[in-house]
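What follows is one structure encoded as structure tokens, with my remarks underneath.
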Amino acid sequence: MAPELLSGHACFGGVQGFYKHDSQEIGLPMRFSVFTPPQAKQGPVPVLFYLAGLTCTEETFMIKGGAQRVAAELGIMLVTPDTSPRGANIPGESDSWDFGAGAGFYLDATQAPWSKHYRMESYVVQELRALIVKEFAADAARIGVFGHSMGGHGALTLALRHPAVYRSVSAFAPIAAPSQCPWGEKAFGNYLGGDRAGWLEHDASALMRKTATPFPQGILIDQGLADKFLAEQLLPQEFEAACAEAKQPLELRRHDDYDHGYYFISTFMEDHLRFHHRILSA
Ligand SMILES: N[C@@H](CCC(=O)N[C@@H](CS)C(=O)NCC(=O)O)C(=O)O
């Protein structure tokens, strides 16, 4: 069924749209946003999925990321899902900002009661991708993924778990080794259960260690050094070491003074869009 358009706005010659649909994977209505660049009038364009961080929705990136001007210039479609199911009505779902609603961690939960609706990996990789390719002027063969914090974890892990789907990947301040930090331990313990070996299938650093150069054209990561989550939660040095072991080219840029928020993200947004465009148009 076609998604319902909630609002559409002319933007840099393209259209910024917000949509709602009934998701089969999630079993609930889901919202997402799409920026369609002007080039889509001529035919299918490359698509970049952006995965947002804790507490965000499908709106946050489109409002604060500052991506549309350059996406319109390059002819890139931008798609952002919500960060979790909404309205699952699981007890405790909204008690904390780093778990449950707004914190789906882009994986399919295996543990009750989360496993029924919290299926963000299947939703993003399969259902939403298929919907975007069917309903929008999107080129199924030119798809990239990027994201921030929890969504940076999502981008890296989904790209590593589905390299045939995503041709390019980058991240801002990703949770780079979630099985070793409090945010990841809380989310994985509840969504995936106590078996830590299973967590490694959703840990970008662990996944990278057992892969052979999955993205030969490189991975781009930006990290602010005034980010209050850097030392305890993000651990980019773990992913950096894993990439060195796997001979995966990585550009990890550390920036003095920048914090964790969207002023940091929007500063480096253009670089990420041009990075993906170079790979997706090769
Ligand atoms: N609520 C948290 C911060 C949560 C946070 O920084 N969320 C990031 C993603 S991990 C974000 O993008 N927030 C939305 C925003 O900055 O607009 C706190 O009080 O420390």
Side-chain angles (χ1 to χ4, degrees), residues 16 18 30-33 35 48-68 78-86 92-107 118 120-121 124 145-159 169-191 202-205 220-239 252-255 257-273:
Q16 177 62 59
F18 295 93
M30 288 292 284
R31 292 177 182 234
F32 64 90
S33 57
F35 172 70
L48 198 42
F49 281 80
Y50 180 88
L51 307 179
L54 296 165
T55 72
C56 294
T57 71
E58 75 288 352
E59 285 187 315
T60 317
F61 162 75
M62 296 301 187
I63 296 171
K64 295 182 167 183
Q68 289 94 339
L78 302 169
V79 180
T80 302
D82 202 349
T83 52
S84 75
R86 304 284 171 175
E93 184 183 39
S94 301
D95 286 359
S96 48
W97 60 270
D98 56 1
F99 177 73
F105 273 82
Y106 304 102
L107 50 74
Y118 280 68
M120 290 301 288
E121 177 171 9
V124 171
V145 63
F146 67 154
H148 168 233
S149 196
M150 174 184 74
H153 142 78
L156 296 173
T157 55
L158 296 189
V169 56
S170 73
F172 302 91
I175 304 173
S179 59
Q180 300 178 47
C181 76
W183 279 341
E185 287 178 335
K186 181 174 179 178
F188 287 6
N190 283 291
Y191 291 139
H202 300 275
D203 179 305
S205 299
L220 173 63
I221 294 181
D222 280 308
Q223 175 64 58
L225 294 179
D227 183 329
K228 68 177 176 181
F229 300 118
L230 174 56
E232 190 186 11
Q233 304 282 11
L234 304 177
L235 314 180
Q237 69 278 7
E238 295 292 327
F239 190 70
L252 170 54
R253 307 190 302 185
R254 293 174 167 93
H255 305 281
D257 303 328
Y258 286 91
D259 66 19
H260 194 63
Y262 272 84
Y263 296 110
F264 154 67
I265 295 170
S266 58
T267 299
F268 300 104
M269 182 56 64
E270 176 165 356
D271 293 352
H272 284 247
L273 296 171

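Start at 1 and go down the list; that is how both ligands and their atoms are numbered. This structure is a prediction, so every number in the text was calculated from the model and none was measured.
For atom 1 (N) of ligand 1, a protein non-hydrogen atom is found at a distance below 4.0 Å.
Between F35 and T80, every side-chain heavy-atom pair lies at or beyond the 4.5 Å cut-off. For the pair I63/Y262, no side-chain contact is recorded, criterion being any heavy-atom separation below 4.5 Å from C-beta on. Inter-residue side-chain proximity for R253 and D271 is flagged as met; some heavy-atom pair is nearer than 4.5 Å.
The protein atom (non-hydrogen) at minimum distance from atom 20 (O) of ligand 1 is K228 NZ, 3.2 Å. Nearest non-hydrogen protein atom to atom 11 (C) of ligand 1 is C56 SG, 3.7 Å. Of all protein heavy atoms, the one lying nearest to atom 15 (C) of ligand 1 is K64 NZ, 3.5 Å. Here the heavy atom of the protein found nearest to atom 4 (C) of ligand 1 is W97 CZ3, 3.7 Å.
For ligand 1, the atoms sitting less than 4.0 Å from at least one non-hydrogen atom of F229 are 6 (O), 20 (O), numbered in the order shown with element in parentheses. Less than 4.0 angstrom separates some heavy atom of H260 from each of these atoms of ligand 1: 6 (O), 10 (S). Atoms of ligand 1 lying under 4.0 Å from at least one heavy atom of T60, given by number and element, are 17 (O). Residue S149 has at least one heavy-atom neighbour below 4.0 Å for each of these atoms of ligand 1: 10 (S). Annotation for ligand 1: atoms under 4.0 Å from non-hydrogen atoms of T55 are 7 (N), 13 (N), 14 (C). Applying the 4.0 Å criterion to heavy atoms of G53 picks out, from ligand 1, the atoms 9 (C). Taking every heavy atom of L54 and a limit of under 4.0 angstrom, the matching atoms of ligand 1 come to 7 (N), 8 (C), 9 (C), 10 (S), 11 (C), 13 (N).
The backbone N or O of A176 lies less than 3.5 Å from a partner atom in the side chain of S205, making a donor-acceptor pair.
Within the 4.0 Å heavy-atom cutoff, M150 does not count among the residues contacting ligand 1.
Nearest heavy-atom pair across F61 and A67 is CZ-CB, 3.6 Å. Residues S94 and A101 come closest through the heavy atom pair OG-CB, 3.9 Å. Nearest approach of A204 to L156, heavy atoms of both residues: CB-CB, 3.7 Å.
Note: H153 and F105 meet the aromatic proximity criterion, with ring centroids under 6.0 Å apart.
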Legend entry - Stepwise side-chain contact (heavy atoms from CB on, under 4.5 Å) check, T157 with E121: CA-CA 10 Å; T157 55; E121 177 171 9; over 6 Å; no
